[in-house]
Student: 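Structure provided below as structure tokens; questions to follow.
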Number of protein chains: 4
Amino acid sequence: MVRFAVIGCGRIGRMHARNIKAHPRADVTVVQDVATTAAEETAAAVGARVARTAEEVLADPAVDALFIASSTDTHVDLIAAGAKAGKPVLCEKPIDLDMGRVEACWAEIAPLNPLVMIGFNRRFDPSFKAVRDRIQAGEIGRLEQVVITSRDPAPPPAAYVKRSGGLFRDMTIHDFDMARYLAGDIVEVQAMGANLIDPAIGAEGDIDAAMIVLRAASGALVHINNSRRSVYGYDQRVEAFGSEGMLQAGNRRATTVEAWGAARTAAQDPVLDFFIERYREAYLAEIDHFVDCVETGATPLSSFREGREAQRLAEAAIRSLETGAIVRVSDVAVR
Amino acid sequence: MVRFAVIGCGRIGRMHARNIKAHPRADVTVVQDVATTAAEETAAAVGARVARTAEEVLADPAVDALFIASSTDTHVDLIAAGAKAGKPVLCEKPIDLDMGRVEACWAEIAPLNPLVMIGFNRRFDPSFKAVRDRIQAGEIGRLEQVVITSRDPAPPPAAYVKRSGGLFRDMTIHDFDMARYLAGDIVEVQAMGANLIDPAIGAEGDIDAAMIVLRAASGALVHINNSRRSVYGYDQRVEAFGSEGMLQAGNRRATTVEAWGAARTAAQDPVLDFFIERYREAYLAEIDHFVDCVETGATPLSSFREGREAQRLAEAAIRSLETGAIVRVSDVAVR
Amino acid sequence: MVRFAVIGCGRIGRMHARNIKAHPRADVTVVQDVATTAAEETAAAVGARVARTAEEVLADPAVDALFIASSTDTHVDLIAAGAKAGKPVLCEKPIDLDMGRVEACWAEIAPLNPLVMIGFNRRFDPSFKAVRDRIQAGEIGRLEQVVITSRDPAPPPAAYVKRSGGLFRDMTIHDFDMARYLAGDIVEVQAMGANLIDPAIGAEGDIDAAMIVLRAASGALVHINNSRRSVYGYDQRVEAFGSEGMLQAGNRRATTVEAWGAARTAAQDPVLDFFIERYREAYLAEIDHFVDCVETGATPLSSFREGREAQRLAEAAIRSLETGAIVRVSDVAVR
Amino acid sequence: MVRFAVIGCGRIGRMHARNIKAHPRADVTVVQDVATTAAEETAAAVGARVARTAEEVLADPAVDALFIASSTDTHVDLIAAGAKAGKPVLCEKPIDLDMGRVEACWAEIAPLNPLVMIGFNRRFDPSFKAVRDRIQAGEIGRLEQVVITSRDPAPPPAAYVKRSGGLFRDMTIHDFDMARYLAGDIVEVQAMGANLIDPAIGAEGDIDAAMIVLRAASGALVHINNSRRSVYGYDQRVEAFGSEGMLQAGNRRATTVEAWGAARTAAQDPVLDFFIERYREAYLAEIDHFVDCVETGATPLSSFREGREAQRLAEAAIRSLETGAIVRVSDVAVR
């Protein structure tokens, strides 16, 4: 039984706490949040106790592993503290908005060879995982191109965009990781963006629609299209084209019902919306994978390195957007 | 070049005349209709001349084959006359509403071993034909069950129903033939029907909705569901279940467009409506098959026998509807 | 918190115990099974204690409700005992294989006005429930026809068929209930069946393929097709045809992946197989509905009456199969 | 009746000759090709006579309009000659591989206000046309993004690539036109390409896989992905994303058949392959549109301007590929 501490009891932290509780080989021992009420409600919901500080959590011998769902600015310190305390860490993305701090964190903890997993939930979606597994099994021959469609249902408040680091750092980062998940390391990034949806986002200096092309080290090309608005639901799809075939993974709906009428036929439900519904199975599988890694010492499918590399692609995309030119990923300074 | 006479220049006759004209190895030499204007218009459209009577057509040495699209009550006489004149005949269904006349016609012409094809257009639909061919190639193992969905867009005038012989004889007859096309000879028929749509049809003593179950000599079971109304278009589908798999053939639409919006996703066009649009390719293939048969002497995929057997199933279904019991097809008297 | 006793700890009982445990307002207090090991394992899995006998369970004041998943021959006695003890009962189908015992049970407990729910899981499937709700909301106008496709992945051992009462009583019963769920009370039944798959089933006097047509009191016609074998997975679909449209609910798969290759395109996974996977969400919703009923006193969507009426349709179908004639449901004697 | 001369009797010229012949208000009077046999065969197939030279064609008063399907290097001269002779011209793309010659041609004929249509067949595909019409009718609100998937079944011989001007000029040109068809004028082009499929194509200095992003004057972003190989058939799709919804147009198949088996379900046919099959209806509609324009004097949906602008995007893409930077379309010099 892996005994978790959940640090951060916002919406996503609470969801993970419930998922950990439901796992047959995991439990939530303790929860912590600067907002005491959130911590208490979460503790009650999963039968855990409340710790007042992260330090208290880290010192607790009854805590085997940390789930970090607190605010982004706390991540690197908590990851480092967990690593030093010898406690495996599963941390929500991003590691930090500042690539320098990300690199510094890794420099500090790498010698400890810690178990750190970043919460790229989409890697655990049954359909996206099947696409990856089937590519790797050779079903479509050599992978040549990938198209990633990733469109949020509705734009966040402009204030959030300011805090989050913007479209590429808070939203596309999942797609950059998906690109690496399917096509491996990326060497070049080209980005085009626009502010088409919410002028307030533009006023914050950010875009809300983007089209990006990546070149992988393998030679494969990858396209990502993003929008902050999708009225038909959370649009999450991938297509992988290979020398011997193509694989698609599509959206999910609440039912299989199709309606046929005088005006239209085979009309289906809007697609599942938003991430908690769309990726319900993925979040469960993510916990399961982390528990496996804790038990066996295996390297997670989404380690610290994946978190860092996805962020580096976000930085490269921002630079491409500014310059209108292809950016080589190796030119995005690290150290 | 097979030179056709087209007898009967109503909507369906005109369509066939144009299709024959478009065939690379066929042409329309002469057309005939009791309605002179219809004959003249059709003749002008395909560059044929007008004959005043069927007798004139039959005597014409420049006519290699007959297409009979005149009213049902003229069919048996024209088939017989064509057979005696040594001219291959392609005749619209039904052969006759009276099974006795159908049998008598066959008794008269069988010794001539004539080439007579009945216009069961659905046998030539690329999708239904592919299902049949793939069943026969063994793709789904032994055929065990078939479901035929066949629903017209809108009910005909009640007056038509009276004249046509009713639902089973004018509409289901295509499905009875489809059952035989996919599952072979039928030995038992069970029918249930209702007047759900148009009370005027009920007033004529007919039904406008039906569900039928057939047992084939092979042991396979076949279901047919019919309706005189389908607001989403002409619904024409089959499913064939076998020991090793299942094949479906579905509806056709004018475009592949899918619409995704806030209320529904992946909504497609209404299905093609009505038979001239839905079975456009089938009608062309039907002519092509008949021309092949004329050229090679091969037996048509839908010979006189198919026309007779489908009608016999209609008679059996009528009897089952009246008695509420299974009817053995062999009990539908044939002399 | 509704505290359940689970009686019967076979595969299905254990699944329900886990589902009850996972429900936020329910718990499993006690489990019981004549097989002590099964009871102990289930108890351990959900943190319940083991009762040695059903009597012990019934006497336990810490038990608010019974889940009956024991063998069919124990159902009526346990239902009656639960009713007398004032404990709401959720019982797996069938109530009993003998309609006389079913009726006697009801005669005994009806005066107590008990809360008895029968486990027709499909009523709680999100897709089938959506079809029903949308029919009742008038989306397709007047309901005219229903097609129910229900095909098990693989035939059971012939010995099971003997014990279970045969195809109509053990498998089609779910479809009879679905017919009533969508189209209301049924007045006529016509059945055709065959032994196409496993000769051992035929040797037991049963069929393994069936096609049935029902007439509802509303006038609607319903078709059911059944097979004991479906190599592409557990095939569970409905189509509901109305005066203003049609609704379909289809199969479910583990992923949304489609494969496109040289031989075929858009190929999807086999469908979910078997009921525990296919109806996972339905089983959870079933428990939720029962808990609601216990809390509010509402009548379950699948009460004792639904269990009895579905069985009556099975009896009618058996009689139709024997006689080849339509059977009026009112003629299936109930006393 | 519009009387056509067809100049160029290769595979595509012959197809168009047949399509013109089949049009109710058009005919082929004369055909011409430097290869006499091809001309004679085409003439025989459509009942036309053979002209020995283009000059003979242009001088023929019985010729109302020209269909130019001869080799690319003859296009501008024939277009200009047709314009001067007052004969409407429908010319296969491209106008010329040299943008300077394209511009010079237009400078020469523009004062004549000629009727010149370029054969961008995809504009007449029923599905793509429906997407455009529905966008323009406002169905998806403001158009924000477009994804064009365009993948040929198999790479051409490397020698062809040399002659054709390369991927962007011979293949992507259709997609550049589709981008303009759906999103209007384009202002910026970003391209990434690779030689992933046939090394012989790389040896000729060309690419065989590409991903392109365009920015429209309207603000919309457009992605194009191209490949010279698609083993599952000719992959031709568009997705148009707007503020109020999304429209997709997909591939076409020969049948609607789906196969369900133990290994996979709902598997469909490979998609139609190649352009003559895939765009059969589009080619017919293209002729119909041109005949309409000849009759009414309307400006074609794909005029000389569309031909020139699509080529300009190809030039811009080539420059972006060379420099790795966004290219402004207005910087692609036109005089």
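Just the heavy atoms: all of them, side chains too, but no hydrogens, waters or symmetry mates, feed the values below. Reminder, nothing fancy here: chain letters follow the sequence lines and each chain counts from 1.
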Student: Picking from C/Leu196, C/Thr323, C/Ile212, C/Val231, which has the most non-hydrogen pairs under 4.5 angstrom with chain B?
Tutor: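 So the answer, after comparing C/Leu196, C/Thr323, C/Ile212, C/Val231, is C/Leu196.
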Student: Less than 4.5 Å to any heavy atom of chain C: does that hold for the side chain of B/Asp208, its backbone, both, or neither?
Tutor: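 Neither the backbone nor the side chain of B/Asp208 comes within 4.5 Å of chain C.
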Student: Go through B/Ala209, B/Ala325, B/Gly324, B/Ser320 and name the one with the most non-hydrogen pairs under 4.5 angstrom from chain C.
Tutor: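 The option with the most such pairs is B/Gly324.
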Student: Considering only heavy atoms and a distance below 4.5 Å, find which of C/Ile197, C/Asn195, C/Val213 pairs most often with chain B.
Tutor: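 If we count pairs closer than 4.5 Å to chain B, C/Val213 comes out on top.
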Student: Is C/Glu239 salt-bridged to B/Arg237, cutoff N-O under 4.0 Å?
Tutor: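 B/Arg237 and C/Glu239: salt-bridged.
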Student: So which part of B/Glu144 gets closer than 4.5 Å to some heavy atom of chain C, the side chain, the backbone, both or neither?
Tutor: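 For B/Glu144, backbone and side chain are both near chain C.
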Student: Less than 4.5 Å to any heavy atom of chain C: does that hold for the side chain of B/Val327, its backbone, both, or neither?
Tutor: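 Neither part.
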Student: Has C/Lys93 got more than 12 heavy atoms of other residues, nucleotides or ligands less than 6.0 Å from its NZ?
Tutor: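 Correct, the count exceeds 12.
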Student: Kindly give the heavy-atom pair with the smallest separation between B/Arg215 and C/Gly193, and that separation in Å.
Tutor: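 Closest approach of B/Arg215 to C/Gly193, heavy atoms only: NH1-O, 2.8 Å.
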Student: Would you mind reporting whether C/Ile326 and B/Gln190 have side-chain heavy atoms less than 4.5 Å apart?
Tutor: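 The answer is no; the side chains never approach within 4.5 Å.
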Student: Pick one of side chain, backbone, both or neither for B/Asp235, based on which atoms fall under 4.5 Å of a heavy atom in chain C.
Tutor: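 For B/Asp235, side-chain heavy atoms alone lie under 4.5 Å from chain C.
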Student: Please find the pair of heavy atoms, one from C/Val147 and one from B/Met211, that lie closest to each other, and give the distance.
Tutor: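 Nearest pair, atom of C/Val147 first, then B/Met211: CG2-CE, 4.0 Å.
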Student: Examine whether an atom of B/Thr149 lies under 4.5 Å from a heavy atom of chain C, and if so say whether it belongs to the side chain, the backbone or both; otherwise answer neither.
Tutor: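 For B/Thr149, side-chain heavy atoms alone lie under 4.5 Å from chain C.
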Student: Looking only at non-hydrogen atoms, find the nearest pair between B/Ala194 and C/Gly219 and report the distance.
Tutor: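 Result for this residue pair: CB-O, 4.3 Å.
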Student: Taking the side chain as every heavy atom from C-beta outward, state whether B/Gln145 and C/Arg151 have any atom pair closer than 4.5 Å.
Tutor: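 With C-beta onward as the side chain, the pair touches.
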Student: Among C/Ala220, C/Ser230, C/Ala210, which has the most heavy-atom pairs under 4.5 Å with chain B?
Tutor: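 Option with the greatest count: C/Ala210.
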Student: Do C/Asn225 and B/His223 make a side-chain contact, defined as non-hydrogen atoms from C-beta onward lying under 4.5 Å apart?
Tutor: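 Side chain of C/Asn225 against side chain of B/His223, heavy atoms only: no contact under 4.5 Å found.
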Student: With only heavy atoms counted, which part of B/Leu214 is less than 4.5 Å from chain C, the side chain, the backbone, both or neither?
Tutor: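 The backbone, not the side chain.
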